[in-house]
2 protein chains.
Amino acid sequence: MFSKSCKYAIRAVVHLAIHSSESHKIGVKEVAEALDVPGPFLAKVLQQLSKNGLISSTKGPSGGFYLSERDKSASMRKVVESIDGPDIFTSCLLGLPVCSSANPCPLHDKAVIYREGLMYLLTRQTIKDLSVRIINDELIL
Amino acid sequence: MFSKSCKYAIRAVVHLAIHSSESHKIGVKEVAEALDVPGPFLAKVLQQLSKNGLISSTKGPSGGFYLSERDKSASMRKVVESIDGPDIFTSCLLGLPVCSSANPCPLHDKAVIYREGLMYLLTRQTIKDLSVRIINDELIL
DNA sequence: AGATAAAAAGATGTTTATATCTTTTATGAT
DNA sequence: ATCATAAAAGATATAAACATCTTTTTATCT
């Protein structure tokens with residue numbers, strides 16, 4: 001479903017939402033250790049998220065990555081699309097170039113419902129929503 | 001969602017269901033041209049499907065791949081799992097090793113519903129069901 | 001039996017995804 | 001102003017997926 005980069009991105013963004021703020025930035029190393037993922041690879045992912053404006057960062061001493069309040073109001077869908085590309089929820093399940101409700105592939109009508117359900121779920125769910133839920137339900141990352 | 005091999009497999013199986021029979025086997029080349037996919041690569045996929053007992057084949061002159069009536073009664077889910085592995089519908093969306101309804105990752109409860117919907121759809125839908133629908137609705141492959 | 005056709009199997013190449021390392025640049029602290 | 005710190009950027013390495021080619025095996029027909 002999601003690429004590994006994307007999975008890391010989702011977890012990292014939520015971790016930052018919970019543990020960072022404008023006044024308390026976090027380094028890649030710390031995030032990587034918390035999530036138990038390869039640091040240099042996570043750095044790439046965070047840089048891309050930063051370049052796409054989904055997370056914030058500053059260089060230099062006491063710098064690091066963080067989420068502003070504005071960042072936290074973005075949808076999880078944007079996070080996913082920022083890494084795996086905008087077509088992940090809309091491209092044909094069978095990889096056919098022409099596939100739409102007008103010209104459906106054999107799986108289109110039946111399967112698209114479920115994928116769109118997931119898409120809309122992630123569209124509605126903001127980073128903040130998710131992190132609040134994680135704190136309340138004591139979920140793991 | 002599905003790997004390229006898996007997409008090819010789905011399309012090839014359906015093509016065989018529609019165009020082949022025990023008395024009319026089809027060569028890889030013919031299938032590859034019909035679906036417009038690379039022949040040698042499709043051959044690998046068909047071989048794996050054959051080895052896993054999802055499609056039938058015979059060697060030699062007038063040999064080729066085909067679907068017996070018994071083959072056609074298998075679910076599309078088996079086709080998918082035969083190529084992409086049995087975990088494709090059940091592994092954690094975030095790639096966490098421990099993730100279940102008892103110990104859910106942040107996306108688990110909400111997202112799993114949709115993926116399971118797709119899984120059950122493919123479980124119910126046999127190869128024959130799908131090919132009949134394709135013929136009736138004149139869908140493309 | 002020999003020729004042939006086609007899958008099966010194996011070897012190899014190419015591309016993309018994943019992962020790591022090194023250098024550069026910007027920032028805050030002294 | 002200088003130094004230390006940490007992200008950004010670039011270069012490189014490894015693994016997996018994707019793709020192709022070649023050889024072998026097997027079945028069928030003559």
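Atom set for the values below is all heavy atoms of this structure, side chains included, hydrogens, waters and symmetry mates excluded. All chains are named by letter (A, B, ...) in the order of the sequence lines, taking the proteins before the strands, and each is independently numbered beginning at 1.
For A:Lys7 and A:Phe2, the positive end is not near the middle of the six-membered ring at less than 6.0 Å and at most 45° from its axis.
Under the 4.5 Å side-chain criterion, counting only non-hydrogen atoms from C-beta, B:Ile26 is not in contact with B:Tyr66. Side-chain contact between A:Leu54 and A:Val13 is absent, with no heavy-atom pair separated by less than 4.5 Å. Using a 4.5 Å cut-off on side-chain heavy atoms (C-beta onward), A:Lys128 and A:Glu69 make contact.
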Let me have the donor-acceptor pairs involving side chains of residues 78-89 of chain A, under 3.5 Å, with sequence neighbours excluded, atom names and distances please.
from: A:Glu81; atom 1: OE2; to: A:Arg77; atom 2: NE; distance (Å): 2.9
from: A:Ser82; atom 1: OG; to: A:Asn52; atom 2: ND2; distance (Å): 2.7
from: A:Asp84; atom 1: OD1; to: A:Ser3; atom 2: OG; distance (Å): 2.5
from: A:Asp84; atom 1: OD2; to: A:Ser3; atom 2: N; distance (Å): 3.0

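For the pair B:Lys29 NZ and D:dA19 P, the interatomic distance rounds to 19 Å; values are reported in whole Å. For the pair A:Lys44 NZ and D:dA11 P, the computed distance is 10 Å after rounding to whole Å. B:Phe2 places its CZ atom 18 Å from the C1' atom of D:dC18, with the value rounded to the nearest Å. Atom CG in B:Leu42 sits roughly 16 Å away from atom C1' in D:dC21 (whole-Å rounding). Atom CD of A:Gln47 and atom C1' of D:dA11 are 13 Å apart (whole Å). Atom CZ in A:Phe41 sits roughly 16 Å away from atom P in D:dA8 (whole-Å rounding). Rounded to an integer number of Å, the gap from A:Gln48 CD to D:dA7 C1' is 15 Å.
When each of A:Lys51 and B:Lys4 is assigned the nucleotide of DNA chain D with its nearest heavy atom, A:Lys51 is the one assigned upstream, toward the 5' end.
Pairing each heavy atom of A:Ile55 with each of A:Leu46, the nearest pair is CD1-O, 3.5 Å. Here the closest non-hydrogen pair linking A:Ser68 and A:Glu22 is CB-OE1, 4.5 Å.
DNA chain C lies under 4.0 Å from at least one heavy atom of each of the following residues of residues 54-65 of chain B: B:Ser57, B:Thr58, B:Lys59, B:Gly60, B:Pro61, B:Gly63, B:Gly64, B:Phe65.
Within 4.0 Å of B:Tyr66, counting heavy atoms only, lies no atom of the nucleic acid at all. When heavy atoms are screened at a 4.0 angstrom cut-off, A:Pro40 is found touching base atoms of the nucleic acid.
In terms of modelled atom types and a separation under 3.5 Å, the side chain of A:Asn136 and the main chain of A:Arg133 share no donor-acceptor contact. Side-chain N or O atoms of B:His19 include one that pairs as donor or acceptor with a backbone N or O of B:His15 at under 3.5 Å.
Note that the first and last nucleotides of DNA chain C, 5' to 3', having any atom under 4.0 angstrom from a heavy atom of chain A are C:dT18 to C:dG28.
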